[in-house]
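Read the structure below first, then the notes.
These figures come from a predicted structure and were not determined experimentally. Chain letters run A, B, ... following the sequence lines, proteins first, then strands; residues in each count from 1.
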Number of protein chains: 4
Amino acid sequence: MPSLPQPRRTPRQARSQALVEAILEATARVLAERGYAGTNTNLVAERAGVSVGSVYQYFPNKDSLITALHERHAAQMYTVIDTVLANSQPRTLRAHIAAMVHALLAAHRVEPELHRVLEKEFPFFDAPKDQSPADNSIQQRVRQLLEQHRDEIAPRNRDLATWVVLQTLDSLVHAAVIDAPSQFAPSAVERAIVEVLMGYLAGAAR
Amino acid sequence: MPSLPQPRRTPRQARSQALVEAILEATARVLAERGYAGTNTNLVAERAGVSVGSVYQYFPNKDSLITALHERHAAQMYTVIDTVLANSQPRTLRAHIAAMVHALLAAHRVEPELHRVLEKEFPFFDAPKDQSPADNSIQQRVRQLLEQHRDEIAPRNRDLATWVVLQTLDSLVHAAVIDAPSQFAPSAVERAIVEVLMGYLAGAAR
Amino acid sequence: MPSLPQPRRTPRQARSQALVEAILEATARVLAERGYAGTNTNLVAERAGVSVGSVYQYFPNKDSLITALHERHAAQMYTVIDTVLANSQPRTLRAHIAAMVHALLAAHRVEPELHRVLEKEFPFFDAPKDQSPADNSIQQRVRQLLEQHRDEIAPRNRDLATWVVLQTLDSLVHAAVIDAPSQFAPSAVERAIVEVLMGYLAGAAR
Amino acid sequence: MPSLPQPRRTPRQARSQALVEAILEATARVLAERGYAGTNTNLVAERAGVSVGSVYQYFPNKDSLITALHERHAAQMYTVIDTVLANSQPRTLRAHIAAMVHALLAAHRVEPELHRVLEKEFPFFDAPKDQSPADNSIQQRVRQLLEQHRDEIAPRNRDLATWVVLQTLDSLVHAAVIDAPSQFAPSAVERAIVEVLMGYLAGAAR
DNA sequence: GATGAATGAGTATTCATTCAT
DNA sequence: AATGAATGAATACTCATTCAT
């Protein structure tokens, strides 16, 4: 399990941050277009309009590019989730879950190819979950939601429930965007995902 | 989207089949030990006690080794599922689902490392689902199960339900074997998976 | 101190040996022409009329090419020395030494550029002397010579004397071929080398 | 044969001289620690507590660092030799030679690793001897010594003798410090070097 | 003068694939 | 059919050098 690669230098200057951003954008595009095998650092640099040397100034190696992209993705998803859960009026658990599913699906539909690559080719770059700050935040946020609705949910072990929900959410959202047969209407798939999660949490099946 | 690699020649002779089997075994071992990056055809050949040339006699290229392994895995899982669903007395839907989950978890615990690699590094080798005979069979078998219990299940669209069930089943089983934090008791995780599926099918939440 | 690199596979077939020889020849030529910095494996392969892959079939890395060349050189020098010392009638110590110096100078004048590079740029590739079989043989042969003439030589410690003689011989022969100002007649330089060695051994100064 | 790299600007200011000195010191340390391959200008700059740009202010390229170090070494050795030969009472030739050998050995024992690198990896940076001012001085000083004792020495051609003496002295001193098997007592090695030189010069072997 | 971020040419090494035996 | 030596395109990464600040 490789440790989470860190940028060689933490960019403080605005210039550096723009550089890093450009590199990550280029990585995302190349990755989406050509997959891991087709991605190489020279091409990424070229696409970013930057020299290879600069890429290596901020990323110690190729894989760290992917890892950073993962982290960025997780951070974005955290923002999505946090926004959805935070700025809403009093809602039922189902409403919260439905909103999350909706927002996540929307977020993933933006660059489905990138997410395909990120999710399917490289989850193995995932650092052990606890090492990824963004993943951690997401987990805590969801855990909090379950806590708030503790009376309405069936699973006793809320840690386990959090894990199950996240795992299911993650895989079904990705599957919906990437794999879902075109015969299924997007809205139907979306509803089904909500049903899966709520079925588990409401637990009336018992 | 690469097309599904096919063996160059379909081995009919027993000798050939043994060869293919040896090659796949070696591929599995190497893959499990060293991941995709560390896997190369020369090494696979060596481990299989065979020359590289022979590998290329039966597999047109490297990726076809992985694909074949996937297919083998799917076929094995089909057998597991089919056995579980077939040789049982009249049972409730829950009993069937529970039995499937149990059997699949058991099957995946045999070579978790290989499954980790297969599932996490290479789902992208998954052919479009309809092209994979084994996946197809699995799908039909589960579809059949839902059909048999059509009165007890909430989702109207049984095709969609099949897809959702398989997707959820697949990801949670793999997650359970590969990712699950050690703090969760295996039996608790197993029960949770059943709850997820049954919650969805029984329509608990509605 | 890196251990002495070994060919990846020991070539037994005549074909392989020719390959190895071609590679070493090419290495020698490139090295002589362009020095270490200018030498690269791709160029060596090209010059040898062989693919890079083949170079790496027999040599694990670039430096092993140099090491092998060193070893080959040492072996050749051993042959020169052994021939000179062996096939001669009864001779004085001075005659033996003079013959050695003469033969070694002749041998080094064949490819002075190569020897320059070998001696001056890469003595650091020299394995610890005892690890190099050829160097070892040379040492034993000279030691034997001193033993045979023990009554005529001044230095008591013959091990030390052997070391001093070889060290001096090596550096002066190379210097003569590589560095010697053109104003000095080769024969004069040759005689001087003999005087140095004989002066030491005969104990002239005492 | 690369021409002797010259500092871009001859530093006259005390500040500049300190800078140059710091850079050379850093170069020496890095070279001694990591060898040529491991040495790079950025690292040297860092170790010197200076920016790369400053290094290139005074040294046109990497190799000029090494050359300068060589020159510095030669200059130091000249001082050693000159001191030894100058401030002594009337002495025999042997006494002079012995004193030189002793002083040079002492000087080389200070930083043997650096000298190893300097002598063994990079003698090829040696400019043609006449171009190096320090080498030139050394040569003249030794030549002078031989002149003063012309009646006691056997070799007729004193230019050649000077060359032989310096060549032998240099290689044996370095060998003594770097290569000499530990079984040989330093004092015995030292004496042997003197014997070699005196044997040649006294020339009683004829 | 000094800085150090940016450059990008250069290169060792790997490994999928072929094909003569 | 089987072999495995040979191939060579492909690529991650380094580091000497520059130049805008």
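Following rounding to the nearest Å, C:Glu46 (CD) and F:dG8 (C1') show an atom-to-atom distance of 12 Å. Computed from coordinates, the B:Asn61 CG to E:dA16 C1' distance equals 9 Å when rounded to whole Å. Regarding A:Asn42, its CG atom lies at a distance of 12 Å from the C1' atom of F:dT14, rounded to whole Å. Distance A:Tyr56 OH to F:dC15 C1': 14 Å, rounded to the nearest Å. Atom CG in D:Leu43 sits about 14 Å away from atom P in F:dT14, given to the nearest Å. To the nearest angstrom, C1' of F:dC15 lies 14 Å from CG of D:Leu65. Protein atom CD1 of D:Ile23 is 15 Å distant from nucleotide atom C1' of F:dT17, rounded to whole Å. Regarding B:Arg34, its CZ atom lies at a distance of 12 Å from the C1' atom of E:dC15, rounded to whole Å.
For D:Thr39 and C:Ser54, each mapped to the nucleotide of DNA chain F holding its nearest heavy atom, the one lying further toward the 5' end belongs to C:Ser54. Where B:Val52 and A:Val50 meet DNA chain E, the nucleotide closest to each residue was compared, and A:Val50 sits on the side nearer the 5' end. Nearest-nucleotide assignment on DNA chain F puts the 5′-proximal partner with B:Gly49, out of B:Gly49 and A:Gly53.
Minimum atom distance to the side chain of C:Gln57 is reached by F:dT7, of the listed E:dT17, E:dA2, F:dT7. The side chain of B:Tyr58 approaches F:dA2 more closely than any other nucleotide in the set F:dA2, F:dC13, F:dT17.
Considering NZ of C:Lys62 and CG of C:Asn42, their distance stands at 10.5 Å, rounded to 0.5 Å. Atoms OG1 and CG, on D:Thr27 and D:Leu69 in that order, are 6.0 Å from each other to the nearest 0.5 Å. The OG1 atom of D:Thr41 lies 4.0 Å from the OH atom of D:Tyr56; values are rounded to the nearest 0.5 Å.
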Checklist entry - Where do B:Ile23 and B:Val20 land on the side-chain contact (heavy atoms from CB on, under 4.5 Å) test, with the steps shown first? => result CA-CA 5 Å; B:Ile23 293 169; B:Val20 167; 5.5 Å; no
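Here the side chain of B:Ser54 pairs no donor or acceptor atom with the backbone of B:Val50 at under 3.5 angstrom.
Counting only Watson-Crick and G-U wobble pairs whose two key distances fall under 3.5 Å, DNA chain E forms stems of three or more stacked pairs at E:2-21 with F:2-21.
More than 12 non-hydrogen atoms from other residues, nucleotides or ligands lie less than 6.0 angstrom from CD of B:Glu113.
Checking the phosphate oxygens (OP1, OP2) of F:dT11, no side-chain nitrogen or oxygen of A:Thr41 falls inside 4.0 Å. Contact annotation: B:Ser51 side-chain N/O to F:dG4 OP1/OP2 distance is not under 4.0 Å.
Using a 4.0 Å heavy-atom distance criterion, D:Leu19 is classed as a sugar-phosphate-only contact. Note on B:Asn40: only backbone sugar-phosphate atoms sit closer than 4.0 angstrom, heavy atoms only; bases stay farther off.
Shown here are the side chain to side chain contact (heavy atoms under 4.5 Å, CB included) partners of D:Glu21, two or more places apart in sequence or in another chain: D:Glu25, D:Arg72.
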